[in-house]
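Data block below; observations after.
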Amino acid sequence: MTSPLFLPPVVAPAALDSTLQQQGHAVLDAAAVCALSGCRLEDLLALRPYWDELPPDAFLKDGGRYRRRRHSCFVLDGEQLTQVPHRAHWQPLEYNALHGGMQRLFEPMAPAMVANPAWAQLLRWLGQVASALKGRQPWYIEAHPFRIDTTDGIGRPTPEGAHRDGVDLVAVFLVQRRGVKGGETRVFEAAGPNGQRFTLSEPWSLLLLDDARVIHETTPIQPVAQPAYRDTLVITLRAGAFQGEDVAP
């Protein structure tokens with residue numbers, strides 16, 4: 001028997017900015033994502049095959065084989081979106097106690113996915129969301145397509161536990177969920193007692209996080225059928241520079 005799904009607290013498109021301002025996080029269903037970004041759902045769904053081509057994460061300190069991913073970086077200045085030369089992903093120990101301090105050089109995203117018009121449209125919209133929250137400025141964007149599978153019987157979407165990412169805005173898209181139980185999203189106030197728990201299950205539904213104000217995690221997944229995996233797209237936006245730009249390789 002699968003565990004019950006806690007329905008996500010979706011907000012109407014018109015309430016997105018005010019909800020982010022008031023509580024530091026907001027959930028949109030796929031229809032709202034499309035309405036606000038201008039992307040067609042069929043174009044977003046057409047990106048799914050790229051998750052079948054993700055290479056294994058070779059940097060997992062727990063020795064697990066449950067995570068596949070790619071990583072690419074962009075700068076958004078107004079409407080000008082530029083993919084920057086491929087670079088390592090770096091976080092300080094302050095934000096990632098498990099993998100912080102490591103220069104993790106993952107394989108870049110597939111060029112065909114980056115060239116898809118829906119991709120640029122999605123990033124430009126997220127830049128607008130970040131600017132409404134933090135003020136208009138250039139945004140340094142890191143994109144992480146993830147697949148968490150159940151190769152070893154369990155998969156851990158956030159092996160580092162409840163955490164912040166050290167950025168300004170975090171966007172977590174649920175791309176696909178197949179044959180699993182678990183994977184519950186938990187969001188907590190960084191400086192208070194309140195929190196929420198829910199399960200993202202609709203393809204291209206979205207959790208947005210004001211990273212300075214909230215801590216987040218996702219519980220492990222287990223298989224109930226085969227294949228069994230959970231695909232997400234995590235996009236972070238940061239003001240000023242990419243995290244770790246001043247850290248020597």
Side-chain angles (χ1 to χ4, degrees), residues 4-48 76 78-79 81 116-137 139 141 143-146 157-158 162 164-165 167-177 183-219 230-239:
L5 300 183
F6 294 88
L7 295 178
V10 297
V11 301
L16 172 60
D17 291 343
S18 61
T19 302
L20 270 177
Q21 292 281 358
Q22 290 166 11
Q23 65 182 27
H25 69 279
V27 180
L28 297 173
D29 60 20
V33 168
C34 292
L36 291 169
S37 69
C39 295
R40 300 188 308 166
L41 182 58
E42 53 263 43
D43 293 335
L44 296 176
L45 293 174
L47 298 175
R48 272 184 184 171
L76 179 64
E79 288 295 305
L81 179 66
N116 189 304
W119 178 252
Q121 199 164 349
L122 206 61
L123 295 192
R124 289 191 177 99
W125 168 60
L126 290 175
Q128 294 170 7
V129 176
S131 291
L133 185 66
K134 303 288 186 176
R136 186 169 297 279
Q137 58 199 297
W139 293 107
I141 300 173
H144 311 259
F146 285 102
T158 51
R164 290 164 53 210
D165 287 345
V167 298
D168 287 285
L169 182 72
V170 179
V172 183
F173 293 91
L174 189 284
V175 175
Q176 189 173 197
R177 177 188 167 100
E184 178 183 283
T185 297
R186 298 176 179 178
V187 182
F188 312 95
E189 292 178 349
N194 296 321
Q196 285 190 311
R197 55 191 289 206
F198 51 87
T199 307
L200 293 175
S201 59
E202 181 191 22
W204 290 98
S205 55
L206 169 65
L207 169 64
L208 287 162
L209 303 160
D210 180 348
D211 191 60
R213 295 176 56 195
V214 296
I215 298 169
H216 64 280
E217 68 175 340
T218 302
T219 62
R230 181 178 183 267
D231 291 347
T232 57
L233 171 63
V234 177
I235 300 175
T236 65
L237 295 88
R238 189 173 190 264

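For this chain, numbers begin at 1 and follow the sequence in order.
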(message) Ignoring hydrogens, what is the shortest heavy-atom contact between H216 and D211? Give both atom names and the distance.
(response) CE1-OD1, 4.4 Å
(message) Surrounding CZ of R136 (heavy atoms of other residues, nucleotides or ligands, distance under 6.0 Å), is the total greater than 12?
(response) no
(message) Would you compute the distance between atom CG of L7 and atom CD of E202 and round it to the nearest 0.5 angstrom?
(response) 11.5 Å
(message) Checking side chain to side chain contact (heavy atoms under 4.5 Å, CB included) between T236 and each of L126, L169, V170, which is the one that passes?
(response) V170
(message) Is the shortest side-chain heavy-atom distance between T199 and R177 below 4.5 Å?
(response) yes
(request) Kindly indicate, with the supporting measurements, whether the criterion side-chain contact (heavy atoms from CB on, under 4.5 Å) is fulfilled by Q23 and V214. (result) CA-CA 9 Å; Q23 65 182 27; V214 296; over 6 Å; no
(request) Would you indicate whether the side-chain heavy atoms of W139 and K134 approach each other to under 4.5 Å? (result) yes
(message) Please find the pair of heavy atoms, one from L44 and one from W204, that lie closest to each other, and give the distance.
(response) O-NE1, 3.2 Å
(message) With rounding to the nearest 0.5 angstrom, report the CZ to CD1 distance, R186 to I215.
(response) 14.0 Å
(request) Starting at CZ of F188, measure out to CZ of R164 and round the result to the nearest 0.5 Å. (result) 14.5 Å
(message) Just verifying a value: how many Å separate E42 CD and C34 SG, rounded to the nearest 0.5 Å?
(response) 8.0 Å
(request) For residues N116 and A118, report the shortest heavy-atom separation together with the two atoms involved. (result) OD1-N, 2.9 Å
(message) Is there a side-chain contact between E79 and Q128 in this structure, where contact means two heavy atoms from C-beta onward sitting under 4.5 Å apart?
(response) yes
(message) Within the structure provided, determine whether L208 and L16 are in side-chain contact (heavy-atom separation under 4.5 Å).
(response) yes
(message) Assess the residue pair V175 and F146 against the criterion (side-chain contact (heavy atoms from CB on, under 4.5 Å)); give the C-alpha distance rounded to whole Å, side-chain angles, the decisive distance to 0.1 Å, and a yes or no.
(response) CA-CA 9 Å; V175 175; F146 285 102; over 6 Å; no
(request) For the residue pair L133 and D168, establish whether any side-chain heavy-atom pair is separated by less than 4.5 Å. (result) no
(request) Starting at CG of L207, measure out to CD of Q196 and round the result to the nearest 0.5 Å. (result) 10.0 Å
(request) Considering non-hydrogen atoms only, spot the tightest contact between R213 and Q21 and give its length. (result) NH1-O, 2.6 Å
(request) Check A212 against A190 and note the closest heavy-atom contact, atom names and distance. (result) O-CB, 4.2 Å
(request) Tell me, with the steps shown, if R124 and L76 meet side-chain contact (heavy atoms from CB on, under 4.5 Å). (result) CA-CA 7 Å; R124 289 191 177 99; L76 179 64; 3.9 Å; yes
(message) If I take atom CG from residue D165 and atom CG from residue L209, how far apart are they, to the nearest 0.5 angstrom?
(response) 8.0 Å
(message) Give me the atom names and distance for the closest heavy-atom approach of S131 to Q137.
(response) OG-N, 4.0 Å
(request) Answer yes or no: is there a side-chain heavy-atom contact under 4.5 Å between R197 and T219? (result) no
(request) Output yes when a side-chain donor or acceptor of T218 lies under 3.5 Å from a complementary backbone atom of T158, and no otherwise. (result) no
(message) Less than 4.5 Å apart, side chain to side chain, heavy atoms only: is that true for L200 and F173?
(response) no
